[in-house]
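Written out below as structure tokens is the structure these notes cover.
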Amino acid sequence: MKDKVELLSVSDLRVQFPGKKRGMMGRSLPVPVVNGVSFTVFRGETLGLVGESGCGKTTLGRALVRLGHSVVDGKIFFEGREISSIGNRQFRSLRKEMQMIFQDPFGSLNPRLTVGQTLEEVLLVHGIARGEAARQRITELLDVVGLNREYSNRYPHEFSGGQRQRIGIARALAVNPKFIICDEPVSALDVSIQSQIINLLKDLQRDMGLTYLFIAHDLSVVEYISDRVAVMYLGKIVEIAESTELYTNPLHPYTRALLSAIPNPEFGAKKERILLNGDLPALLDMPRGCAFHTRCLVAKAECKHQTPKLQLLNNNGHQVSCLLYE
């Protein structure tokens with residue numbers, strides 16, 4: 001992307017979950033879910049965020065908009081303004097700028113409200129429109145996401161999964177946001193519907209100048225929609241690069257293993273699969289040194305003791321956290 005302008009910047013972000021108490025008199029130990037994450041999202045781009053289930057992708061996305069557990073440490077900057085330490089009342093005004101599309105297109109909608117009531121609620125809460133102006137805005141939103149304006153009087157259970165996700169997108173667009181976090185927005189949909197939603201998101205980005213953080217585990221989808229991709233492992237980002245660069249020249253052993261799992265669409269084509277050792281370590285029993293060394297096929301002795309840092313390797317913005325490149 002030319003003339004990159006930072007929209008969102010995250011520095012050493014840490015998020016913890018309260019742990020379970022151990023024993024009768026034991027203390028609860030906090031569980032580090034996001035453990036020192038730093039990255040930047042540029043205006044108008046899509047930054048893909050990938051990794052295995054449980055690596056902290058969704059927790060990171062929700063922390064940016066203060067859903068769920070609060071930030072323990074680190075800083076978040078939005079349009080140059082530090083927002084991680086401001087009060088909830090001040091942050092409320094920022095919710096119009098930062099919205100979220102959720103994974104479950106049914107569970108994220110109130111079953112007791114019609115589509116029109118769901119969208120009208122957003123407009124009223126943020127003081128955007130009411131009455132006839134709100135009804136006109138609802139009609140516009142339904143048109144934008146490809147739904148019939150007559151659907152405003154129907155309830156969520158009357159729609160398919162793809163239609164419900166379009167309603168979720170309309171709700172996010174209602175406040176004219178600049179930044180949208182897409183938390184696995186197509187993973188619950190049929191493959192035939194996924195492409196429709198992805199293309200809708202791309203069209204909306206082009207027409208409205210939107211910026212996305214696109215969280216997913218489907219690497220093919222991420223490759224198609226993302227300008228840059230960040231790879232996350234056990235609460236840390238281990239590699240960031242432009243999409244083409246990452247998919248053609250992955251540097252971190254974990255990234256290589258993930259990409260090796262993508263099926264080759266060509267008939268009869270063979271692809272070497274990299275199988276990792278073991279499972280993800282427990283968050284309360286994190287390995288010392290490089291967190292990936294317990295599963296890495298090329299780990300060396302120093303990987304057990306030294307913790308690598310995310311470092312820039314070339315002029316293309318390719319960053320990797322691995323001792324092999326230090």
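Residue numbers start at 1 and run along the sequence shown.
Asp227 and Tyr212 share no donor-acceptor pair across their side chains, judged by distance under 3.5 Å alone.
Within a 6.0 Å radius of CZ in Arg89, no more than 12 heavy atoms belonging to other residues, nucleotides or ligands are found. In this structure, Glu132 places its CD atom where more than 12 heavy-atom neighbours from other residues, nucleotides or ligands lie under 6.0 Å away. Around CZ of Arg288, the count of heavy atoms belonging to other residues, nucleotides or ligands within 6.0 Å does not exceed 12.
Transitive grouping of hydrophobic side chains (ILVMFWY, heavy atoms separated by less than 4.5 Å) brings Val33 and Leu284 into a common cluster. Cluster annotation: Tyr233 and Ile262 are assigned to the same hydrophobic cluster (Ile/Leu/Val/Met/Phe/Trp/Tyr, side-chain heavy-atom contacts under 4.5 Å, transitive). Cluster annotation: Phe77 and Val41 are assigned to distinct hydrophobic clusters (Ile/Leu/Val/Met/Phe/Trp/Tyr, side-chain heavy-atom contacts under 4.5 Å, transitive). Hydrophobic clustering (ILVMFWY, side-chain heavy atoms < 4.5 Å, transitive): Val122 and Tyr155 are in distinct clusters.
Atom OG of residue Ser160 and atom CG of residue Asp190 lie 9.0 Å apart, to the nearest 0.5 angstrom. Atom CD of residue Glu79 and atom CD of residue Glu97 lie 6.0 Å apart, to the nearest 0.5 angstrom. If you take CD1 on Ile215 and CG on Asp183, they are separated by 4.5 Å, rounding to the nearest 0.5 Å. Rounding to the nearest 0.5 angstrom, the gap separating the CD1 atom in Ile225 from the CD1 atom in Ile197 is 10.5 Å. To the nearest 0.5 angstrom, Met232 atom CE is 8.5 Å from Phe39 atom CZ. A distance of 13.5 Å separates CG of Leu119 from CZ of Arg135, quoted to the nearest 0.5 Å.
For the pair Arg14 (side chain) and Val72 (backbone), a donor-acceptor distance under 3.5 Å is absent. Although no hydrogens or angles enter the test, the distance criterion places a donor-acceptor pair under 3.5 Å between the side chain of Lys57 and the main chain of Gly51. Put simply, the side chain of Ser108 never gets that close to the backbone of Phe102: no donor and acceptor are under 3.5 Å apart. Between the side chain of Thr255 and the backbone N or O of Leu251, no donor-acceptor pair lies under 3.5 Å. Using modelled atom types, one side-chain atom of Arg95 and one backbone atom of Val65 make a donor-acceptor pair closer than 3.5 Å. Side-chain atoms of Tyr224 do not come within 3.5 Å of backbone N or O of Ser195 as any donor-acceptor pair. Within the 3.5 Å criterion, the main-chain N or O of Ile240 finds no donor-acceptor partner in the side chain of Gln319. A distance-only check finds no donor-acceptor pair linking the side chain of Ser9 to the backbone of Thr40 [under 3.5 Å].
Ring pair Tyr254/His252 is perpendicular by interplanar angle, where above 60° counts as perpendicular and below 30° as parallel. Ring pair Phe78/Phe179 is tilted by interplanar angle, where 30° to 60° counts as tilted.
Side chains of Glu120 and Thr114 form no contact here, defined as non-hydrogen atoms less than 4.5 Å apart. Between Leu8 and Leu213 the shortest side-chain heavy-atom distance does not fall below 4.5 Å. Considering only heavy atoms from C-beta on, Pro281 comes within 4.5 Å of Thr294 through its side chain. In this structure, the side chains of Ile167 and Val145 stay at 4.5 Å or more apart for every pair of heavy atoms. Side-chain contact between Arg112 and Gln117 is absent, with no heavy atoms from C-beta onward closer than 4.5 Å. When side chains are defined from C-beta on, Arg295 counts as touching Leu280, because their heavy atoms get closer than 4.5 Å. For the pair Leu246/Glu239, a side-chain contact is recorded, criterion being any heavy-atom separation below 4.5 Å from C-beta on. Side-chain contact between Lys236 and Ser321 is absent, with no heavy-atom pair separated by less than 4.5 Å.
Residues Ile138 and Ser152 come closest through the heavy atom pair CG2-CB, 4.3 Å. Residues Pro156 and Leu109 approach most closely at CG-CB, 4.0 Å, considering heavy atoms. Here the closest non-hydrogen pair linking Thr307 and Gly289 is OG1-O, 3.4 Å. For the pair Val320 and Tyr325, the tightest heavy-atom approach, listed with the atom from each and the gap, is CG1-CD1, 3.9 Å. In terms of heavy atoms, Cys322 sits closest to Gln311 at O-NE2, 4.1 Å. Across every non-hydrogen atom of Pro185 and Ile101, the tightest pair is CB-CG2, 4.1 Å.
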- Item | side-chain contact (heavy atoms from CB on, under 4.5 Å) between Arg81 and Ile86, worked out | CA-CA 10 Å; Arg81 177 189 179 189; Ile86 64 175; 4.1 Å; yes

- Item | Residue pair Arg166, Leu200: steps toward the side-chain contact (heavy atoms from CB on, under 4.5 Å) verdict | CA-CA 9 Å; Arg166 290 175 185 267; Leu200 172 62; 3.7 Å; yes

- Item | Trace of the side-chain contact (heavy atoms from CB on, under 4.5 Å) decision for Leu173 with Met208 | CA-CA 10 Å; Leu173 295 176; Met208 300 181 179; 4.0 Å; yes

- Task: Apply the test side-chain contact (heavy atoms from CB on, under 4.5 Å) to residues Arg137 and Ile128: give CA-CA distance (whole Å), side-chain angles for both, the deciding distance (0.1 Å), then the verdict.
- Result: CA-CA 10 Å; Arg137 178 59 176 158; Ile128 295 175; 5.5 Å; no

- side-chain hydrogen bond (donor to acceptor under 3.5 Å, both in side chains) between Glu242 and His318: does it pass, once the steps are laid out? CA-CA 7 Å; Glu242 293 186 1; His318 201 150; over 6 Å; no

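When Val10, Leu13, Val34, Leu310 are each tested for a side-chain contact (heavy atoms from CB on, under 4.5 Å) with Ile237, only one passes: Leu310. Just one of Arg228, Lys4, Gln205 meets the side chain to side chain donor-acceptor pair (under 3.5 Å) condition when paired with Glu45; it is Arg228.
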